[in-house]
Novice: 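Here it is, the structure in full.
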Amino acid sequence: MDIVLQQLVNGLTLGSVYGLIAIGYTMVYGIIGMINFAHGDVYMVSAYITAIAIALLTFFGIESFPIIIIGTLFLTVAVTGAYGWVIERIAYRPLRNSSRLSVLISAIGMSLILQNYVQLSQGANQQGVPTLLSGALRFNVGDGFVQITYMKIFIIVASLIGMGVLTYIIQKTKLGRMCRATQQDRKMASILGINTDRIISIVFVIGATMAALAGVLITLDYGAFDFYVGFIIGIKAFTAAVLGGIGSLPGAMLGGLVLGLSEALFAGLISSDYKDVFSFSLLVLILIIRPSGLLGKPEVEKV
Amino acid sequence: MTSLMEFKEVDVHYGPIQALKKVSLTVSEGEIVTLIGANGAGKSTLLMSIFGQPRISSGEIIYRGEDISQKSSHYVASHGLAQSPEGRRIFPSMSVEENLLMGTIPIGMDHAEEDMQHMFELFPRLLERRNQRASTMSGGEQQMLAIARALMSRPKLLLLDEPSLGLAPIIVKQIFQILRDVASTGMTIFLVEQNANHALKLANRGYVMVNGEIRMTGTGDELLVNPEVREAYLGGH
Ligand SMILES: Nc1ncnc2c1ncn2[C@@H]1O[C@H](COP(=O)(O)OP(=O)(O)OP(=O)(O)O)[C@@H](O)[C@H]1O
Ligand SMILES: [Mg+2]
């Protein structure tokens, strides 16, 4: 019982982070129909920026946790967002009217470039950040106990806030309507006066900022990272996006939570060595049984 | 009358296919001009080329004294041109109200509420459905929404691509009555139609397009009684 509860807490944490990263896959797919294979590496870049930001803030003598965390979030989200913008500009926009294959190859190239650039500039060794927030809540359950670290609570709360703010922007604001219009019918959107290239850039920036939020949270919690961390978590988040229904924003968040929870339960109850195998088997299963995912629409027709 | 928009010897190609051949036409301020032609004549191509989709291969599209043929779609849209396109192209997952708001992009939200009320007066059926998903509406309602969305940008020139297509005669009548009302406010309208009868009765002037070329032009009344037009577009009676 305590194991199940503990894994539910862990799964919720993991799932909310998957959800954040999945947003970038799903929004980019929704708007230009491509899988941005460099997205996991954008997450990876944000881990490095997190470390740099913490080092910078500490260097300037800032020690209080709230200020460091807000400063780090702000810097990392801003810089990673800029990465998202630049990547779209140089790797995807020039190929706007090319075949899907060219774009796919460009995405894989971008992913390799980011990994090698980080490896060259930051070194191949594992890096780390100091623990900023320690301590935990403990609940007794039967004979055992469930432990929730403050950091995990912080991750869940911050992720939910991030998702809530983004949902509000997409559903209720003019910018959100322009994103949805561009996603539903790009040609019509441009005829109505929307600069669709700019909207596509903005969607890349949104995806990168959500990945950056995840990057800050995971890096603070886990402490260590290297230039390769984007790979596995990228595929996991992609799985979450497909699970929820690629192209669907609520789907990405839901898919993240479902994946995180089921993976954690599998790890706790069956085998933690095979949890990745479990996740990818899940991906294959969804693709066979329900390719449109939990909330996706079955292949919308495009005019 | 000053010319608002003018096509000068415009060619459009889709790869090896030439869809428009040296097309010249004028729409003056305050006029209702119609372009009639059979399937595949090039009518939609002409309307879309105003927004650069597709780009013309030669000639000029002059709008208020400026050649807009190489401008971006959003530039054109933000200078007073609005289109209710072929196939309506309303945003299926948005509500009626959100679709209308999409029309305000070029002018901002300042008049949104007031203009939306005005649209609901013109098209009362939209009012009852303001929160309904647009994809669940009937063809006639979707057409009304597409026209209303175009009007929300307070255009100087309203472009309409076959608003009567696929609609019951009674709905077609309603829509043309509304266009008459809109025109009476002084708005300039360029109407592409296959329904030559309704279109020529509404329009001040008309052009007839055949295989990408302008074949004939005249006032609406002249074309209505022209034997060739009657034979080809009015079922010969
Ligand atoms: N994207 C395209 N690629 C290739 N050819 C096209 C394309 N769009 C239109 N055409 C061709 O251009 C010609 C004109 O088409 P267009 O759609 O402009 O005709 P239309 O007068 O609007 O016809 P309809 O009344 O059926 O809507 C047709 O021969 C059509 O096949
Ligand atoms: Mg057409």
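Convention: sequence-line order gives letters A, B, ...; per-chain numbering from 1.
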Novice: Only counting residues at least two apart or in another chain, list the ones meeting ring-ring contact (aromatic ring centres under 6.0 Å, His included) with B/Phe176.
Specialist: B/His198

Novice: Considering only heavy atoms, give the residues of residues 91-100 of chain B separated from chain A by less than 4.5 Å, sorted numerically, with 'none' for an empty result.
Specialist: B/Phe91, B/Pro92, B/Ser93, B/Met94, B/Glu98

Novice: Could you check whether atom CZ of A/Arg100 has more than 12 heavy atoms from other residues, nucleotides or ligands sitting under 6.0 Å from it?
Specialist: no

Novice: Identify the two heavy atoms, one from A/Thr196 and one from A/Ala189, that lie closest to each other, and give their separation to 0.1 Å.
Specialist: CG2-CB, 4.0 Å

Novice: Could you tell me which residues in residues 69-84 of chain B have at least one non-hydrogen atom under 4.5 Å from a non-hydrogen atom of chain A, sorted by residue number?
Specialist: B/Ser73, B/His74, B/Ala77, B/Gln83

Novice: Which heavy atom of A/Ala158 sits nearest a heavy atom of A/Leu213, and at what distance?
Specialist: O-CD2, 3.9 Å

Novice: Can you tell me which portion of A/Lys174 sits under 4.5 Å from chain B's heavy atoms? Options are side chain, backbone, both or neither.
Specialist: side chain

Novice: Specify the closest pair of heavy atoms between B/Pro85 and B/Asp161, including all atoms of both residues, with the distance to one decimal.
Specialist: C-CB, 3.8 Å

Novice: Can you find a heavy atom in the side chain of A/Ile21 that is under 4.5 Å from one in the side chain of A/Met210?
Specialist: no

Novice: Taking atom types as modelled and ignoring hydrogens, do the side chains of B/Gln117 and B/Glu113 form a donor-acceptor contact shorter than 3.5 angstrom?
Specialist: yes

Novice: Surrounding CG of B/Asp181 (heavy atoms of other residues, nucleotides or ligands, distance under 6.0 Å), is the total greater than 12?
Specialist: yes

Novice: For chain A, find its close neighbours in residues 36-56 of chain B: heavy-atom separation under 4.5 Å, sorted by number, or none.
Specialist: B/Met48, B/Phe51, B/Gln53

